[in-house]
Amino acid sequence: MLQDSQLSSTPQLSQATFDAFDSQIALLDRSGKIVVLNKAWKNNLINSCLSKNTSVGENYLNICKCRVGRDCKLIKQIAKEIEAIANLEKTEFRFNYSNEHLNQKNWLAIQVKQIKQGDWFGVLIIQEDITKYMQTELSLRSVVEGTAAVTGEDFFYSLVYHLTCALSVSYAFVTKCIETTIPERVCTLAFWCKEDFGQNFEYNIANTPCEQVIGGLSCYYPRNVQNIFPEDHDLYRLKAESYVGVPLINSSGKILGHLVVIDERPMEDGSIELSILKIFAARAAAELERQKAEQKLAYDALYDRLTDLPNRHLLTNHLNRALEKYRRDRNGKFAVFFLDLDRFKYVNDSLGHKSGDLLLMGISQRLTTCLRKSDILARLGGDEFAILLEEIQTLDEATKLAERIQQSLQTPFHLGIHEVFTSVSIGIAFSKPGVDSPEELLRNADIAMYKAKALGKSRYELFDETLHVQVVNRLHLETDFHHSLNRGEFRLHYQPIISLVDGRVTGFEALARWQHPQRGYVAPEEFIALAEETGMIISLGWWILQEVCYQLREWQIQLNNSSLTMGVNISQKQFSQPRLLDSLVQILETTGLEAHSLRLEITESLLMQDTQATMQTLTQLKALGCQLHLDDFGTGYSSLNYLHSLPIDALKIDRSFVEAIDSEGNNSEIVEAIVMMAKSLGLGVIAEGIETEAQLAKLQTLQCLYGQGYLFTKPLDARSLYTWLNSWANNRSSLEHFNK
Ligand code: C2E
Ligand code: MG
Ligand code: MG
C-alpha cells in the first residue's frame, strides 16, 4: 500500500483532454485512487472491471482486489501489476486479455504507465477494445492454417470451407472468369453451401453484386442485399442477407475471378470479412495463375503452339495406342502419313517467317478439312506433318485421302498480300505385323515421303521393304564415305583426249574412283552427289586437284611433252569455294605445273547459279591461265544467249548425243549443230563417249577436232595408262582413221 507521505498533489489535467480520446483512460495516484476517468471509460463499462457507480476518488486497486466472480483472478493479477508500477518497481505494463459479457467475447489491450508531472507521480491506464482486430487475426490464422498445405484444386475447396468457419457465414465460393463468353460468365471452382460443398455452377454476372466485383471493385453489403439486387434470383434462393466479394487479380492487373462470402444474417459492417477476403484473394489469384501455367506446360508438352495440332509426342501416344489395338486385333489396320511441304523453304526465305507461319497454319486447316473426326493430324516440326488414319479396311482409303489432300492444295493460300501455291510430298506406311514401334512407323512413312520427293514432289508413295533396304544402304555408304578419304580409298583414272585429226594424245581427263573395301568400285555418279551433300567434296576436290597436277607434270616430263593437258571435273560446291583461286595457285606452284595445262570442266547447271559471282570466278580462273571447258554440253539449260559472253574455251558434247550416231552415221544432227555453234563462237569441241568407228568417222566429217571414248580406251589407272600410251604411240600411225 502506498504511504500517505508519498502522495503529492494532483496534476492540473483537463478532463476534456482525456475525454477527447476513444481509448479508455484512467489516471490513478500512487495509492490507486482514481484521479481521472475519461468519457470512453465511463461509456463502456463492459470492458472494465469497474462498476457503473465507480467515480473519481475511489480506489481502483481496492475495487479490483475485492472483485469476485469469473474474471476475478485476471483482474487481481492486473491490479498487482498496477501496484508494482505505483510502487516504482516497474515503469510499464502491457497486456491483452479477453472477457465475456452477455455471452459475447471481447478482447482488450491494457497499457499501464508510470506518469510524472513536476513532483507528482501517478499511474496512467489506457485500455482499448481490440475485439475486431483479434477476430480478424484469429479468422485469418484459422484460414491460413487450414489452407497452408493445400495446392491445386483442393486449395479452393479448403479456402471456402475455412472461410465459412472463420467468418461464421453460410456460403462461400470462389470463381473463375470464363474468358470466351459475352455477357460475362463465371464458373465456381469451389462452393461451400451451409453444411457441405455444393455442386459447382456457372452464371451470368450481369445485375448481380458479382458484376461490380468482376469489374474490379471489392464490395460489401452487410444487410439487405436481396433488395439491392432484386434481379439476382440466386440471392433470393440462398436467402442471402449480406454479401462480401473481392476480385482475384493477377500480377499484371487482370481479373481472373472472384471470392465471395454470403450470409443469411446481417453482418456487423462487413469490414472484417472484406479484409480477410482481400488477403485470400491474392493467394487464390496466385493459385489460379499457377494452375494456368501448369496447364500451359501440359499443353505445350503435347501440342504445337503455332497450329494447335498435336505434336510428335502426342502423336506417338496415339500411335502406341493404335499399335496396341492392332496387336490385339489384326483387323484394326491403320495407316501413317508423313507429309512434307514442297518448297516451303522458298516461301520462308523469300516472303519471311511470318508468311511461313501463316502458310503452316493455313495448311493445317486445309488438311483438317480433308480428314474424318477420328483421324489425327499432327505437326512434327518445321514443314512436316503426320496423319494417323485408323480403322481402314483397304489401302484405297489411304490413297484416296492422299489424293484428296493434293486436290485440296490446288487452291492458293493468301498470305497477306501474297498468293502462294504449294504442294506436299506424302509417304504412307501401313500397319503390319513386325512393325512394333511408333518410331518405325514414322520412319517408314518418312522413307516413302523421300521417294515421293525424289520422284518429283507433289505426289504420294507407299512404303515397301525394298525402299528401306535402299535407305539403309545409303546410310551405310554415307558412314563409310566419311572415312574413305583418310583410308586412302580414292583413286584416279585417266582417259586420254585424242586429236581426231591425227590420233595424237593431247591430254587426259581425270576421273575419280572410290575403291570401297567391301563393295568394290563405287561409281562417281553415286559418290560425287554424296560428297556434295556431306560437304566432303571440298577436301576430296583438293586431293584430286593435287594428284592430277603431280601426275600430269610427271607425264609431261616422262613423255617430254609439256603441251599435254589434263581435264579435271569441278563440282558446283567446289567451284563456289571462296578459296578456290588461292588454293589452285598454291597447288600449281608446288607441283610446278603451268596453269594452261589444266582444263577445268564445269557443268551447265553451275552457270545457272548466282551468275554475277560465277562470272567473276570464271574470269579470275581464266586470268590465272587455266582453260575452261563446258562439260556434258547439251543436257543442261544453258542459255545460248550468253554463251558467247562466257570466258570458256571449249564445249564437251555430251555422250548421249554421240551415242545416238548409228553405224550408218545417222542421227548426228545435234552433234553437228553443237560443232557448228562452237565454231561460230570460236570455241573448241570435244566429243565424249566415242565407242564405234562409225561415230568416229562421222565426227571427223563434222570436223569435231577432239574426242575421248572407249573406242580408244576406257579410263585407266596411271600405270596402265602409261603402258597404253606407249602402245598407242606405236599403233596410231597404222590406224586407218587418222591422217598420217
Ligand atoms: P564426265 O565428266 O562427263 O566424264 C565422262 C564420263 O564418261 C566418265 O564416266 C567416263 O568413264 C565416261 N566415258 C568415257 N568414254 C565413254 C564411252 O565411250 N562410253 C561410255 N559409256 N562412257 C564413257 P565416269 O568416270 O563414271 O564419271 C561420271 C561423271 O562423274 C563424270 O562425267 C563427272 O561428271 C563425274 N566425275 C568423275 N570424276 C569426278 C571428279 O573427280 N570430280 C568431280 N567433281 N566429278 C567427277
Ligand atoms: Mg568431265
Ligand atoms: Mg561429260
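Atoms within each ligand, like the ligands themselves, are counted from 1 in listed order.
Between Gln700 and Phe738, the closest side-chain pair of non-hydrogen atoms falls below 4.5 Å. When side chains are defined from C-beta on, Tyr494 does not count as touching Pro715, because their heavy atoms never get closer than 4.5 Å. In this structure the side chain of Leu725 reaches within 4.5 angstrom of the side chain of Val505, judged on heavy atoms.
Counting the atoms of ligand 1 from 1 in the order shown, those under 4.0 Å from a heavy atom of Glu688 are 3 (O). The ligand atoms of ligand 1 that sit less than 4.0 angstrom from a heavy atom of Gly709 are 15 (N), 18 (O). Residue contact check: Glu691 has heavy atoms under 4.0 Å from atoms 17 (C), 18 (O), 19 (N), 20 (C), 21 (N) of ligand 1. Interface of Gln495 with ligand 1, defined as ligand atoms under 4.0 Å from a residue heavy atom, comprises 14 (C), 15 (N). Near Pro715, meaning under 4.0 Å from one of its heavy atoms, ligand 1 places the atoms 11 (O).
Residue contacts with ligand 1 for Leu511 involve both N, CA, C or O and side-chain atoms from C-beta outward (heavy atoms, distance under 4.0 Å). By the criterion of a heavy-atom distance under 4.0 Å, the side chain of Asp632, and not its backbone, is placed next to ligand 1. Contacts between Ile690 and ligand 1 below 4.0 angstrom, taking non-hydrogen atoms only, involve the backbone exclusively. Looking at Arg655 against ligand 1, only its side chain comes within 4.0 Å, counting heavy atoms. Counting heavy atoms closer than 4.0 Å to ligand 1, residue Lys652 contributes nothing at all. Residue Asn569 touches ligand 1 through backbone and side chain together, judged by heavy-atom distances below 4.0 Å.
Arg491 places a side-chain N or O within 3.5 Å of a backbone atom of Gly488 that can act as its donor or acceptor partner.
No more than 12 heavy atoms of other residues, nucleotides or ligands shown are found within 6.0 angstrom of OH on Tyr346.
When the options Lys573, His493, Glu525, Glu547 are ranked by their closest heavy atom to atom 28 (C) of ligand 1, first place goes to Glu525.
With respect to Glu384 and Arg379, no salt bridge is recorded, no charged nitrogen being found less than 4.0 Å from a carboxylate O. The pair Arg599-Glu509 does not meet the salt-bridge criterion, since no charged nitrogen lies less than 4.0 angstrom from a carboxylate oxygen.
For the pair OE1 of Glu601 and OD1 of Asn569, the angle whose vertex sits at the Mg ion (ligand 2) is 90° to 10 degrees.
Taking backbone and side chain together, Asp631 holds an N, O or S atom under 2.8 Å from the Mg ion (ligand 2). Residue Glu509 counts as close to the Mg ion (ligand 2), with an N, O or S atom under 2.8 Å.
Put simply, part of Arg513 is less than 4.0 Å from ligand 1, judged by heavy atoms. At a 4.0 Å cut-off, at least one heavy atom of Glu509 sits close enough to ligand 1 to count as contact.
The residue from Leu581, Val568, Leu584 that alone fulfils the side-chain contact (heavy atoms from CB on, under 4.5 Å) condition with Cys626 is Leu584. Evaluated for a salt bridge (Lys or Arg N to Asp or Glu O under 4.0 Å) with Asp340, the options Lys453, Arg459, Lys451 yield exactly one hit, Lys453.
Every N/O-N/O distance between Tyr521 and ligand 1 stays at or above 3.5 Å. Between Pro524 and ligand 1, no N or O atom pair is found at a separation short of 3.5 Å. Geometrically, ligand 1 and Gln708 share no nitrogen or oxygen pair separated by less than 3.5 Å.
Side-chain contact, Ser720 with Asp717: a donor N or O sits under 3.5 Å from an acceptor N or O. For the residue pair Arg553 and Gln556, a side-chain donor N or O sits within less than 3.5 Å of a side-chain acceptor on the partner. Between the side chains of Asp304 and Thr307, at least one donor-acceptor pair of N or O atoms lies under 3.5 Å.
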